[in-house]
Amino acid sequence: MASVTSLTAHVHQRLSDALTAALPETATADPLLRRSDRADFQANGILALAKKAKANPRDLATQVVDRVVKGDLIEDIEVSGPGFLNITITDRAITETLAARATDPAGRLGVPFTDHPGTTVIDYAQPNVAKEMHVGHLRSAVIGDAVVQILEFVGETVVRRHHIGDWGTQFGMLIQYLDEHPHELDREAAGDDTAETGEEAMSNLNRLYKAARTHFDSDEEFKTRARRRVVDLQAGDPHTLAIWQRFVDESKVYFFSVFEKLDMEIRDADIVGESGYNDMLDETCRLLEESGVAVRSEGALCVFFDDVKGPDGNPVPLIVKKSDGGYGYAATDLSAIRNRVFDLKADTLVYVVDARQSLHFKMVFETARRAGWLSGETKAQQLAFGTVLGKDGKPFKTREGETVRLVDLLDEAIDRATTVVREKAEKVGLTEEEIVENGRFVGVGAVKYADLSTSAVRDYKFDLDQMVSLNGDTSVYLQYAYARIQSILRKAGDARPLAHPELALAPAERALGLHLDQFGELLLDVAAGYEPHKLASYLYQLASHLTTFYDQCQVLSDANPKEVVENRLLLVDLTARTLHQGMALLGIRTPGRL
């Protein structure tokens with residue numbers, strides 16, 4: 001599968017060849033090429049090379065300029081300041097490169113695959129069984145899904161894992177209560193045989209949980225029976241497991257409904273919760289203790305660290321097995337690492353988890369390294385994310401101070417977006433069905449983009465008014481840019497996007513073209529650092545370049561020669577396709593009409 005070599009890579013090679021000719025001992029020198037507002041590119045590497053070679057930087061820069069091949073790729077190159085190189089690309093090179101991207105037979109816009117693909121397991125979107133998803137679940141799902149899409153696009157083999165909370169002491173209470181009240185989850189008993197929705201499934205579970213909790217807190221005998229059920233569950237009692245499975249199945253109906261609203265694909269095979277590693281826990285503890293990585297302390301199996309201490313200065317251990325024989329979260333997480341490294345053959349483990357759990361994962365990863373389960377060839381890292389804040393800068397809550405339900409948040413975003421779409425609908429000629437569909441795409445896209453356009457580790461304010469605005473750094477701005485291009489292409493009639501390398505380009509055409517050419521390199525950079533916010537920033541800049549282009553270069557005009565119209569249609573068509581592909585990798589739809 002062929003990719004298109006970027007203009008940056010071509011220019012970098014020309015400069016490297018010239019540097020080698022001027023200073024043969026610097027065969028692997030980096031010219032430090034970057035985009036510049038003084039020219040198309042600027043190279044700053046000569047200053048450091050001159051210092052190392054004890055040469056005059058301007059003299060060395062002049063020697064490099066004399067050796068650079070010009071004409072086909074490089075229009076002009078000049079020495080600036082103490083030894084910087086300002087490089088201007090030919091219009092022909094820009095147009096020919098864009099034409100190659102537009103006609104990529106693989107449909108990848110010339111985006112290359114990563115040089116060293118491997119297998120990455122991504123742990124993200126981890127709701128809890130029998131509990132509603134709230135705003136705190138948003139970021140793991142949205143960021144994780146975007147990283148999955150981006151890694152797969154550049155050629156990485158990705159294994160998705162949803163480590164749902166489906167095990168633990170609360171299930172003893174729930175199972176015992178349902179066993180004693182067997183018809184609590186039977187909708188048929190109420191005379192309703194219609195298919196259950198996700199909201200109804202969670203409503204039933206919430207009702208059951210509240211009833212079980214009330215009973216648990218008020219009846220000591222029930223509390224004793226519930227605690228025995230935890231032991232039965234961990235021991236694999238068939239009847240207890242069957243009831244537990246009902247909770248899991250009922251919760252999945254709800255999970256899938258929420259993720260569908262988020263416009264995300266969650267596959268059942270990828271859901272491997274805490275229970276999935278239950279059979280490994282004893283062996284994990286045994287291996288850690290036999291190797292000396294974990295030691296007994298006050299009856300518990302613990303791992304200690306020199307740099308992890310409490311406020312009193314005493315060591316704070318990672319508790320793998322509690323003194324009462326119960327297993328901690330660490331045992332499950334360490335068992336999951338063993339499974340992912342040795343069974344799934346992963347090269348990289350990525351955990352999209354709240355930053356507040358950073359210390360836990362730091363200790364888990366270090367324990368796995370000490371045990372030899374993580375090595376130099378297999379790495380693990382937490383892709384930590386910050387908190388969703390309200391307009392007041394405090395954690396996002398309802399007016400009553402409760403955590404915001406995720407479905408309520410999404411419904412409000414869709415309602416707001418639908419209002420925005422409806423205001424434009426008559427002008428565009430949208431049907432009611434299109435208004436509803438586009439409102440959903442715009443609303444969900446607005447929520448995702450607000451999350452993804454912020455560096456994951458930072459907190460961000462949830463402001464729906466800003467999110468659905470047509471102006472500024474929002475997904476709506478990008479979606480309207482895409483829809484505007486589709487309108488132009490529909491109005492183009494028989495005119496088709498076609499490259500004309502012989503034409504001179506206006507400044508706005510050059511700026512748009514050079515930005516389009518960076519898409520492939522940008523995606524490789526985003527994938528390497530798990531940084532979808534960089535892709536969001538690129539797309540916003542692309543839409544901004546497009547706006548400037550619209551203002552300065554009319555596409556469809558009787559005053560334009562046919563060749564100019566075709567060349568500009570090539571530019572906008574490639575822009576639309578790049579917006580569409582980039583937004584899709586962020587999990588955001590691009591309606592053709594808005």
Side-chain angles (χ1 to χ4, degrees), residues 3-53 55-98 100-101 109-116 154 505 507 509-529 531 534-535 537-539 541-542 544-545 578:
S3 60
V4 177
T5 303
S6 69
L7 292 169
T8 305
H10 280 305
V11 174
H12 190 283
Q13 187 61 54
R14 290 284 176 92
L15 292 181
S16 295
D17 292 344
L19 274 169
T20 300
L23 283 177
E25 64 272 23
T26 62
T28 58
D30 187 349
L32 297 179
L33 190 68
R34 63 178 181 82
R35 288 298 312 278
S36 171
D37 56 2
R38 297 179 178 273
D40 294 334
F41 295 97
Q42 187 174 85
N44 301 335
I46 288 178
L47 276 73
L49 292 172
K51 183 177 181 180
K52 187 175 181 180
N56 181 291
R58 279 193 67 90
D59 289 346
L60 177 57
T62 301
Q63 293 178 48
V64 171
V65 168
D66 290 342
R67 289 169 170 79
V68 170
V69 177
K70 293 185 289 186
D72 57 336
L73 171 67
I74 296 177
E75 178 80 26
D76 188 34
I77 179 169
E78 61 178 17
V79 180
S80 173
F84 302 135
L85 296 180
N86 289 336
I87 303 111
T88 302
I89 307 300
T90 65
D91 290 344
R92 173 176 288 274
I94 294 173
T95 302
E96 288 179 343
T97 300
L98 297 183
R101 293 193 179 282
L109 306 179
V111 175
F113 289 98
T114 183
D115 290 334
H116 305 289
V154 300
L505 298 177
E509 291 176 296
R510 290 178 57 84
L512 180 58
L514 287 167
H515 194 73
L516 284 167
D517 185 59
Q518 295 176 30
F519 186 53
E521 290 176 337
L522 179 280
L523 280 182
L524 292 180
D525 182 52
V526 168
E531 297 174 302
K534 289 185 176 180
L535 174 56
S537 176
Y538 170 88
L539 295 173
Q541 292 169 21
L542 178 60
S544 298
H545 280 301
T578 303

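Please read these numbers as outputs of a predicted model, since none were measured by experiment. When reading the values below, keep in mind they use all heavy atoms of this one structure, side chains included, and skip hydrogens, waters and symmetry mates.
Proximity of a side-chain donor or acceptor of Arg101 to a complementary backbone N or O of Asp517 within less than 3.5 Å is detected. With hydrogens and angles ignored, the 3.5 Å screen pairs a side-chain donor or acceptor of Thr90 with a backbone N or O of Asp72. Without hydrogens or angle criteria, Asn86 side chain to Ala39 main chain gives no donor-acceptor distance under 3.5 Å. Between the side chain of His515 and the backbone N or O of Tyr538, at least one donor-acceptor pair lies under 3.5 Å.
In this structure, Arg34 is not positioned above the aromatic face of Phe41 in the sense of NZ or CZ being under 6.0 Å from the six-membered ring centre and within 45° of the axis.
Taking all atoms of both residues into account, the shortest heavy-atom contact from His545 to Ala511 is ND1-CB, 3.8 Å. A pairwise comparison of heavy atoms in Gly83 and Val79 identifies CA-CG1, 4.3 Å as the closest pair. In plain terms, the two heavy atoms of Leu7 and Leu514 that are nearest each other are CD1-CD2, 3.8 Å. Ala50 approaches Asn56 most closely through the heavy-atom pair CB-C, 4.3 Å.
No side-chain donor-acceptor contact under 3.5 Å links Thr88 and Glu75. Side-chain contact, Asp59 with Gln63: no donor N or O sits under 3.5 Å from an acceptor N or O.
By the 4.5 Å heavy-atom criterion applied to side chains, Asp76 and Ile87 are not counted as neighbours. A 4.5 Å side-chain heavy-atom check between Ile46 and Phe84 finds every atom pair outside the cut-off. Residues Pro31 and Leu19 form a side-chain contact, since some pair of their non-hydrogen atoms from C-beta on lies under 4.5 Å apart. Under the 4.5 Å side-chain criterion, counting only non-hydrogen atoms from C-beta, Leu49 is not in contact with Asp30. Between Asp115 and Leu524 the shortest side-chain heavy-atom distance does not fall below 4.5 Å. Residues Lys70 and Arg14 have side chains not in contact (no heavy-atom distance under 4.5 Å, counting atoms from C-beta outward).
To the nearest 0.5 Å, atoms CG (Leu542) and OG1 (Thr578) are separated by 6.0 Å. How far CZ of Arg92 is from CG of Leu505: 11.0 Å, rounded to the nearest 0.5 Å. The structure places OG of Ser16 at 9.0 Å from CG of Leu33, a figure rounded to the nearest 0.5 Å. One distance of note links CG of Leu15 with CZ of Arg67; it measures 13.5 Å at 0.5 Å rounding. Atom OG1 of Thr8 is separated from atom CD of Glu521 by 4.5 Å, given to the nearest 0.5 angstrom. Rounding to the nearest 0.5 Å places OG of Ser544 at 10.5 Å from CG of Leu539.
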Open item on the list: One pair to check against salt bridge (charged side-chain N to carboxylate O under 4.0 Å, His left out): Asp40 and Arg510. What are the steps and the verdict?
Closed with: CA-CA 9 Å; Asp40 294 334; Arg510 290 178 57 84; 2.3 Å; yes

Task: Audit row: Gln42, Arg35, side chain to side chain contact (heavy atoms under 4.5 Å, CB included) steps and yes/no - done: CA-CA 6 Å; Gln42 187 174 85; Arg35 288 298 312 278; over 6 Å; no

